[in-house]
Amino acid sequence: MTTQPRMPIESGVPDHFQYMHPTLRRNYGQWAWHERPRPGVLHHVSHTGDEVWTVRAGTQRQMDVGTIRKLCDIADKYADGYVRFTIRSNIEFMVADENRVKPLIAALEKEGFPIGGTGNSVSMISHTQGWLHCDIPGTDASGVVKSLMDELHQEFVSEDMPNRVKITTSCCQINCGGQGDIAINIQHTKPPKINHDLVANVCERPSVVARCPVAAIRPAMVNGRPSLEVDEKKCVCCGACYPPCPPMQINDPEHSKIAIWVGGKNANARSKPMFHKLVAAGIPNNPPRWPEAAAIVKNILRVYKEDAHDWERMGEWVERIGWPRFFELTELPFTKYHLDNWRGSRHSLNSSTHIRF
Amino acid sequence: MTTQPRMPIESGVPDHFQYMHPTLRRNYGQWAWHERPRPGVLHHVSHTGDEVWTVRAGTQRQMDVGTIRKLCDIADKYADGYVRFTIRSNIEFMVADENRVKPLIAALEKEGFPIGGTGNSVSMISHTQGWLHCDIPGTDASGVVKSLMDELHQEFVSEDMPNRVKITTSCCQINCGGQGDIAINIQHTKPPKINHDLVANVCERPSVVARCPVAAIRPAMVNGRPSLEVDEKKCVCCGACYPPCPPMQINDPEHSKIAIWVGGKNANARSKPMFHKLVAAGIPNNPPRWPEAAAIVKNILRVYKEDAHDWERMGEWVERIGWPRFFELTELPFTKYHLDNWRGSRHSLNSSTHIRF
Amino acid sequence: MSKKPHATPMLDQLESGPWPSFVTGLKRLARDKEMVVDLLGQLEHSYQTRKGYWKGGTASVIGYGGGVIPRFSEIADKFPKSAEFHTLRIMPPPGMHYNTDVLRKFCDIWEQHGSGLIALHGQSGDIMLQGCSTENIQKAFDEVNELGFDLGGAGPAVRTSMSCVGHARCEHSCFDEGRAHRAVVNNFIDDIHRPALPYKFKFKFSGCANDCMNSIQRSDMAVIGTWRDDIQVNQAEVKNFVKARGREYVVNNVISRCPTRALTLKNDDSLEIDNRNCVKCMHCINVMTRALSPGQDRGVTILVGGKRTLKIGDLMGTVIVPFMKLETDEDFERITELGKNIIDFWAENGLEHERCGEMIERIGLNNFLEGVGIEVDPNMVNYPRTNPFVRMDGWDEEVARLKQAKTG
Amino acid sequence: MSKKPHATPMLDQLESGPWPSFVTGLKRLARDKEMVVDLLGQLEHSYQTRKGYWKGGTASVIGYGGGVIPRFSEIADKFPKSAEFHTLRIMPPPGMHYNTDVLRKFCDIWEQHGSGLIALHGQSGDIMLQGCSTENIQKAFDEVNELGFDLGGAGPAVRTSMSCVGHARCEHSCFDEGRAHRAVVNNFIDDIHRPALPYKFKFKFSGCANDCMNSIQRSDMAVIGTWRDDIQVNQAEVKNFVKARGREYVVNNVISRCPTRALTLKNDDSLEIDNRNCVKCMHCINVMTRALSPGQDRGVTILVGGKRTLKIGDLMGTVIVPFMKLETDEDFERITELGKNIIDFWAENGLEHERCGEMIERIGLNNFLEGVGIEVDPNMVNYPRTNPFVRMDGWDEEVARLKQAKTG
Ligand code: SRM
Ligand code: SRM
Ligand code: SRM
Ligand code: SRM
Ligand code: SF4
Ligand code: SF4
Ligand code: SF4
Ligand code: SF4
Ligand code: SF4
Ligand code: SF4
Ligand code: SF4
Ligand code: SF4
């Protein structure tokens, strides 16, 4: 006789109240205002009179159970045994008593967790999977983020940028990373190399053809076997054909480069949300520390910090001073590749005499 | 023996100095500043110390020689025998002596030429050919302009709009009239009716097919003769096929309607140039005085005058208050036709939470 | 005692520096997990050769079609122990709140059945239990499931959702994000677990226009808090703020930064707000959090069609519901209903691997609105059409219909 | 004594009202022009039936291929005298200046050979001598030509151009519009008179960013005056202006209207300008014409590709030359040269009936710039590309080339 297999309990999204710090639970929807006593610390005050101090610390996101247990130990000892995580994989500890902030911070710093990421800091870079786990990556994610955050540690633990800086990374052109004030993304520069022997077995040819944004792929017979062919004149090297058809090798140790984008914005504060814009490309994909990409990012941050007004997000700052000045100040070359030629790109052209000299 | 035919003297654009008022010629490129002593009068002062007063008067543009001679008589008697015309078919008389302004104005008014069109007035409507002369018109131009300017006479002779108001008309969707603060244009609402008997003789079928922006036209045999066929689902009734192929009757006494557009701007002052936007359509093409169109135009002008700030062009005003409020204040219905679905229209969609309630 | 570690000269360089090192963590795990020893080996190989070596495949749990990301090594010959390195995506509670007890239990489960590597969190919000052999998937899931957690989305399914901390710890919050998150998403459980849609569909919930969840650009349906009445002003606090920072600071950082110039700083240091022209951008409230707060007549704005790059380029969501209340049970049913209509219409009309926003781009917003039964509204556009390329012979009927609809 | 007038009940209604009436004018002509009697008849018929009754055809003068707009009546049976009603397009002098002598001569010529109906001016700037029989075209043209005037453009040709009053009577003028207008256009005489281009090509010249000639939206090549150095400020006049209007007026109408916030009104009523961020929009100069004027290092910005609606929707011109001087003979040769390169490239690459702007839209600005030999410049865009859909393997070479070009 066979045992019935266990069927899943389709419980869906769990109730959050059971895991919520009591002060937050008690004041749910009651918060009145907040301030930041110091970088990495938020002080929220409720209409009920309750107060809560939040201490934010950076993590590597990709955590071994040892790291998580260490964070739990700290939470149990210093923060009532509750934590939460931010969308940027920072961890937050809540305490209802101001005096408990210092010891909590001390304990976290002792264990090597940087305190910051609040207000006008450069927060943790939102990262993706890369070589560690993804099936289509052009580079790594955790390593890029680790090396960049090492460089930006000071900017994380202090709040001296004009406004929040939100950096994202993506390890292929699919861009699981979000739009960012600065985005560091893979940019393929050559059409896929096709492994014709495998196509027939591995790929659903019609759906691969359909995946191409510029209709550059057509079915073809290659040495007698059904395969695919790419019109290299049309191909924009986007890599969309690769996930559905791995034999279309888009990743290349040499030609999968890194591009840097600036001025993405998700918030509706002041200006409407914006997409980030290409500023630099052709950057070598250079593990383990990607120094060339890091140098450009730090240079952009330096110029932004020097030139932007308070509360200006990176994209808003550039809009005020104009893109020509951005390229002038950062000394990045402006090339024909910066001219958009994709659908609707006409909106990106200057059809006015508004020019700064 | 035959006489040689006269061959043209290809003199091109004539020298303007020979026809230029002496004071203008003497101060060419020397002007320092100007002011407007009263509506219809400009006072320009030169670095040389010279001054000139310009009196601007409205004309019907389509002038009989009698009218032109009348204007010449006035110029000879009161304005040194020189005039110039503006891009809006207004005539300008220049005098170097302030005392000559009044008599000049009196003479013009006596002959029925309105003095105005300067500064923050509603200037002469730039018009096109229409039934009087064009081969593809959906309506008349001179008549539309005459009847509207009769209605807007007061707005022409005074300067009490928030900023200049530039109105244009177009008698078919080709739009020879320019972009305007308000544009009154023909809008066809039915696909062309094809006179199949004529197509073969009159039309170059391939080039007609090529003219269609949505590829709705295909060659076809109709009762045994080569003709064209329109896919009425695709057709956007633009009329582009009509000039190259008159048998494609796009004009219809009933279904060629009038649409009104708002917010076009050519100047780069403050904001960059803008296209005008659709605000009202389905307006009957109703000669000889187009009262329905006139009523809507006057209503829009009233609301603009009441609500806009100084120096706000119509499009700038609407951008400040938002389009929803524009439709609210003018009580014009907002319909699905106002949603753009043409190429690049995504840029017209609100992808933010910026909303006025 | 685990297998002898591979030489990882490049990865080793990622152990230095002030930021917590994932490499150090992996090495810690490698001490007693051979799977991680080989994982480090394969990762080092990727660093050396600048290529990835994972391929997809199939792996799941009984009763579900998705939620597990299968990973098989292409170089298992070199690194046999990490030949299988699957990931379980687990849906977190709204706002990602945890007590240490539940976190420790996750650790125990994953130490036992998986690699011990956990991501908190993935970019879609999942707890990612990474590194599992095919055979252990079921065991791990069963225990996580008993713990009260469920698998998230993968493939052409409704995906795991995210909501901001909001009500739990943010004064800007204009609706109960947690409740909305659970009410809506838990209504699509079947579409999460049994991928059968044209492509992925994501919901995101942000309590205000600051959109801390990036919902406009990263979700198919973005639900964002807003208000319809006047900003609440505490003039005493305004005066304190002006006293503390000075008028110039206030003018330069608040008054002149209002996108619609709706703010005036009066001579008596009080603040005047032209609420009719306020577009609820949050900026002034952000700067003067003690003095200003959102109005009292709160609700949400809903945008549809956001996504990232693939195929036609990034798309932002478009406003399809300028304002709706979200307080009563009926309100929450209504928003769930709306989500359902949208997903149903898209499921019927979307092409294979076409996101909702791409479909709208293809068929036009008008057809989409008609399909889901929403009237056009000028708040859906930045400006009306600028070209005459549209067939308008339905104008009179349409105008009549709208009058009808208005008057009742 | 002319033919008996037709009943024109509808047109008659256009004789009343304060605005000058073209109908009254036509009736005046009808007194001794049978052609106009029937023209009025046909026009009334158009008003009654809401349809036009002209068709095209061919008509021209010896030696030229264009410049005449042929009109033949489709209802010549009803209105025989206006069976032919052609128009001669005559190029005006820059700025449309006339003395009465030359205007009277035009009247005499047109009274003798044509209908006596003249448009001053057409939307492209032509003097339109309207209403000519086929046989009289040559006579009329010969006399006009002897008078020193020439035919304008029609068909796929370089068209008649317009330039603003500018230097002749405007303090904002940043270059000699009249000289530029004549230098450039008279260089394309052959392309005006012998239509052989893909389609029409229009030049327009505006002395400053106010663009009184609508050049950006209505011409294929727009030449607009601007400056590179600092706005000239007369602080004494600034103070007078502030005294006269009050600080509040100045702040609301000048300071806060600057698109780049480049203006500051100092406490001492003087004006401070951040010229690096000034985009030369002209607004502040427009408002304070006595106190401010364009800088002294003047020149032009050139935009290409403007046009109206046909086929793909209205297009504005795009900046292709952010700044060029226009003072010396060499400068004027250079701009003519540029016009020539553009027209040549377009003549080779444009499709039949495709405007220059439509071609750029089709082939992309990059290819156009390369074709006419202009380097890309960030001033050509509002912002750089927002999508990764471009093949960039030429990056390094391109960057190297640009460095080269810079360093010489
Ligand atoms: C914790 C978190 C929400 C969560 O549930 O996880 C959060 C929390 C707060 N955000 Fe946020 N934001 C969080 C991610 C975001 C994001 C998304 C992101 O990081 O990718 C954005 C959009 C960024 C963008 O536009 O691309 C975001 C845009 C804002 C803004 C608007 C900033 C601006 O001016 O553009 C504010 C308003 C402000 O700065 O006062 C804000 C304000 C806040 C406040 C001050 C709200 C409050 O009163 O509590 C919170 C404290 C922030 C701080 O660090 O000082 N939060 N906030 C997220 C922390 C992420 C992190 O660890 O760095
Ligand atoms: C005479 C004329 C040029 C010509 O060679 O014909 C002209 C002449 C002047 N224009 Fe203009 N503009 C003339 C057509 C235009 C046009 C084109 C049009 O009418 O279609 C525009 C673009 C309109 C648009 O944006 O669609 C135009 C936009 C301006 C502006 C910018 C207005 C704004 O704020 O947007 C100014 C600046 C100002 O108002 O001080 C200006 C300023 C001027 C000044 C004040 C320049 C000066 O200092 O002399 C001139 C007297 C204007 C007045 O009426 O007070 N002119 N001006 C044109 C008279 C047309 C008419 O009869 O109404
Ligand atoms: C794991 C994660 C990155 C991370 O490390 O955080 C991820 C990883 C992958 N994403 Fe993603 N995406 C992840 C969040 C996102 C986001 C961000 C978000 O959800 O807010 C986006 C952008 C928003 C959006 O949905 O557009 C995103 C846009 C994509 C796309 C492009 C979708 C599009 O229409 O443009 C793909 C490609 C596809 O699905 O065909 C994709 C596909 C993938 C695949 C499945 C690659 C593939 O097709 O095989 C990756 C599996 C990696 C792995 O081995 O685990 N992923 N992906 C994120 C999910 C973790 C989680 O469940 O919490
Ligand atoms: C006469 C005039 C209107 C007026 O009464 O002022 C006019 C009249 C015609 N235009 Fe125009 N256009 C006139 C200025 C314009 C302008 C304004 C401008 O030049 O600044 C435009 C918009 C700017 C532009 O060039 O785009 C204009 C855009 C068109 C178009 C659309 C071109 C396009 O690419 O979108 C056409 C259609 C075509 O050429 O195929 C057109 C075609 C025509 C035709 C030839 C109709 C046809 O195809 O048979 C009209 C002849 C009417 C007639 O019987 O005289 N006309 N046309 C203007 C020329 C008078 C003159 O020479 O001074
Ligand atoms: S960005 Fe690309 S490579 Fe990176 S995780 Fe997403 S899909 Fe994988
Ligand atoms: S890389 Fe992109 S553009 Fe090139 S063939 Fe593949 S899908 Fe098409
Ligand atoms: S707008 Fe149309 S109808 Fe009117 S003149 Fe121009 S082409 Fe003719
Ligand atoms: S009217 Fe316009 S859309 Fe319709 S068939 Fe003719 S060209 Fe095509
Ligand atoms: S989105 Fe608004 S409500 Fe939610 S956390 Fe951010 S600021 Fe607070
Ligand atoms: S919320 Fe934004 S729009 Fe409204 S008043 Fe404040 S700054 Fe202005
Ligand atoms: S364009 Fe400038 S220079 Fe020319 S007339 Fe208009 S304001 Fe004067
Ligand atoms: S010209 Fe325009 S941009 Fe320049 S300072 Fe004056 S208003 Fe500002």
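As the structure is a prediction and not an experimental result, all values here were calculated from the model. Chain letters run A, B, ... following the sequence lines, proteins first and then strands; every chain starts at 1.
- Counting heavy atoms from C-beta on, the side chains of C:Val165 and A:Arg84 come closer than 4.5 Å.
- For C:Lys51, the parts lying under 4.5 angstrom from a heavy atom of chain A are both the backbone and the side chain.
- Between the side chains of C:Arg218 and A:Asn266, no donor N or O sits under 3.5 Å from an acceptor N or O.
- Both the backbone and the side chain of A:His34 have a heavy atom closer than 4.5 Å to some heavy atom of chain C.
- Contacts between C:Asp101 and chain A at a heavy-atom distance below 4.5 Å are absent for every atom of the residue.
- Residue with the most contacts toward chain A among C:Ala119, C:Gly63, C:Ala168: C:Ala168 (heavy-atom pairs, distance under 4.5 Å).
- Of all non-hydrogen atoms in C:Arg308 and A:Gly177, the two that sit nearest each other are NH1-O, 2.6 Å.
- For C:Gln217 (side chain) and A:Lys265 (main-chain N/O), a donor-acceptor pair under 3.5 Å exists by modelled atom type.
- The most heavy-atom pairs under 4.5 Å with chain A, out of C:Gly152, C:Gly52, C:Pro93, come from C:Pro93.
- Heavy-atom pairs under 4.5 Å with chain A were tallied for C:Leu39, C:Asp190, C:Asp176, C:Val185; the largest tally goes to C:Asp176.
- With a 4.5 Å cut-off on non-hydrogen atoms, A:Glu92 touches chain C through its side chain but not through its backbone.
- Between A:Trp290 and C:Tyr47, the gap from one ring centroid to the other is short of 6.0 Å.
- Ranked by heavy-atom pairs shorter than 4.5 Å toward chain A, the options C:Asn214, C:Asn286, C:Asp108 are led by C:Asn214.
- The most heavy-atom pairs under 4.5 Å with chain C, out of A:Ala210, A:Gly112, A:Ser142, A:Pro243, come from A:Ser142.
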C:Gln130 and A:Gln129: CA distance, side-chain angles, deciding distance, side chain to side chain donor-acceptor pair (under 3.5 Å) verdict: CA-CA 11 Å; C:Gln130 304 166 113; A:Gln129 290 293 65; 2.8 Å; yes
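- Of the two parts of C:Glu352, only the side chain, counted from C-beta on, holds a non-hydrogen atom closer than 4.5 Å to a non-hydrogen atom of chain A.
- For C:Arg257, the parts sitting under 4.5 Å from any heavy atom of chain A are the backbone and the side chain alike.
- Considering only heavy-atom pairs separated by less than 4.5 Å from chain C, the leading option among A:Pro213, A:Ala269, A:Ser271 is A:Ala269.
- Contacts between C:Gln42 and chain A at a heavy-atom distance below 4.5 Å are absent for every atom of the residue.
- Of all heavy-atom pairs spanning C:His97 and A:Met20, the tightest one is ND1-CG, 3.8 Å.
- Counting heavy-atom pairs closer than 4.5 Å to chain C, the top residue among A:Gln62, A:Glu10, A:Met63 is A:Glu10.
- Residues C:Arg50 and A:Asn286 have side chains that bring a donor and an acceptor to within less than 3.5 angstrom of each other.
- Of all non-hydrogen atoms in C:Met162 and A:Ile87, the two that sit nearest each other are CE-CG1, 3.5 Å.
- Residue C:Phe188 does not touch chain A at all, counting heavy-atom pairs closer than 4.5 Å.
- Salt-bridge annotation for C:Arg31 and A:Asp64: absent, with no side-chain N of the basic residue lying under 4.0 Å from a carboxylate O of the acidic one.
- Both the backbone and the side chain of A:Ser126 come within less than 4.5 Å of a heavy atom in chain C.
- Looking at C:Pro9, there are no atoms closer than 4.5 Å to chain A (heavy atoms on both sides), in backbone or side chain.
- Neither the backbone nor the side chain of C:Cys284 comes within contact range of chain A; no heavy atoms are under 4.5 Å apart.
- Only the side chain of C:His353 comes within less than 4.5 Å of a heavy atom of chain A; its backbone N, CA, C and O stay farther away.
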Residue pair C:Phe106, A:Tyr19: steps toward the ring pair (Phe, Tyr, Trp, His ring centres under 6.0 Å) verdict: CA-CA 14 Å; C:Phe106 268 109; A:Tyr19 303 122; 8.8 Å; no
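- At least one side-chain heavy atom of C:Ser16 sits under 4.5 Å from a side-chain heavy atom of A:Arg289.
- For the pair A:Ser89 (side chain) and C:Leu120 (backbone), a donor-acceptor distance under 3.5 Å is present.
- With ring centers used as reference points, A:Phe93 lies 6.0 Å or more from C:Tyr98.
- The pair C:Glu111-A:Arg69 meets the salt-bridge criterion, with a side-chain N (NZ, NE, NH1 or NH2) lying under 4.0 Å from an Asp/Glu carboxylate O.
- A heavy-atom distance below 4.5 Å is not found between the side chains of C:Cys170 and A:Trp31.
- Side-chain atoms of A:Asp135 never come within 3.5 Å of backbone atoms of C:Lys55 as a donor-acceptor pair (strictly under, hydrogens ignored).
- Nearest heavy-atom pair, A:Cys72 versus C:Thr100, reported as atom, atom and distance to 0.1 Å: O-CG2, 3.6 Å.
- At a 4.5 Å heavy-atom cutoff, the contact between C:Ile216 and chain A is made by side-chain atoms alone.
- A donor-acceptor contact closer than 3.5 angstrom links the side chains of A:Thr67 and C:Arg28.
- Looking at A:Arg61, its side chain does come within 3.5 Å of a backbone N or O of C:His121 through a donor-acceptor pair.
- Chosen from A:Thr23, A:Asp73, A:Val52, A:Thr86, the residue pairing most often with chain C at heavy-atom distances under 4.5 Å is A:Asp73.
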CA sep, side-chain torsions, deciding dist, call: A:Gln179, C:Asp314, side chain to side chain donor-acceptor pair (under 3.5 Å): CA-CA 9 Å; A:Gln179 288 277 332; C:Asp314 287 43; 2.7 Å; yes
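- Each of A:Ile68, A:Leu132, A:Leu152 has some count of heavy-atom pairs under 4.5 Å with chain C, and the biggest count is that of A:Leu132.
- Looking at A:Arg270, its side chain never comes within 3.5 Å of a backbone N or O of C:Cys258 through a donor-acceptor pair.
- The candidate from A:Lys146, A:Glu151, A:His153 with the greatest count of non-hydrogen atom pairs under 4.5 Å with chain C is A:Lys146.
- The minimum heavy-atom distance between C:Ile312 and A:Trp342, with the atom names listed, is O-NE1, 3.1 Å.
- Ranked by heavy-atom pairs shorter than 4.5 Å toward chain A, the options C:Gln123, C:Met91, C:His181 are led by C:Gln123.
- For the residue pair A:Lys272 / C:Asn382, a side-chain donor-acceptor distance below 3.5 Å is found, with atom types taken as modelled.
- Only the side chain of C:Met128 comes within contact range of chain A, judged by heavy atoms closer than 4.5 Å.
- Taking both residues in full, the closest heavy atoms of A:Pro114 and C:Pro20 are given as CD-CD, 3.7 Å, listed atom of the first, atom of the second, then distance.
- Only the side chain of C:Leu29 comes within contact range of chain A, judged by heavy atoms closer than 4.5 Å.
- Other residues, nucleotides and ligands place no more than 12 heavy atoms under 6.0 Å from the CD atom of A:Glu204.
- For chain A, no part of C:Ser173 is nearby; none of its heavy atoms comes within less than 4.5 Å.
- C:Asn186 contributes no side-chain N or O that, together with a main-chain N or O of A:Gly12, makes up a donor-acceptor pair within less than 3.5 Å.
- Checked against the 6.0 Å centroid threshold, C:Trp19 and A:Phe156 count as a close aromatic pair.
- Neither the backbone nor the side chain of A:Pro246 comes within less than 4.5 Å of any heavy atom in chain C.
- Only the backbone of C:Leu315 comes within less than 4.5 Å of a heavy atom of chain A; no side-chain atom from C-beta onward does.
- For the pair C:Asn145 (side chain) and A:Ile9 (backbone), a donor-acceptor distance under 3.5 Å is present.
- At a 4.5 Å heavy-atom cutoff, A:Cys238 makes no contact with chain C through either its backbone or its side chain.
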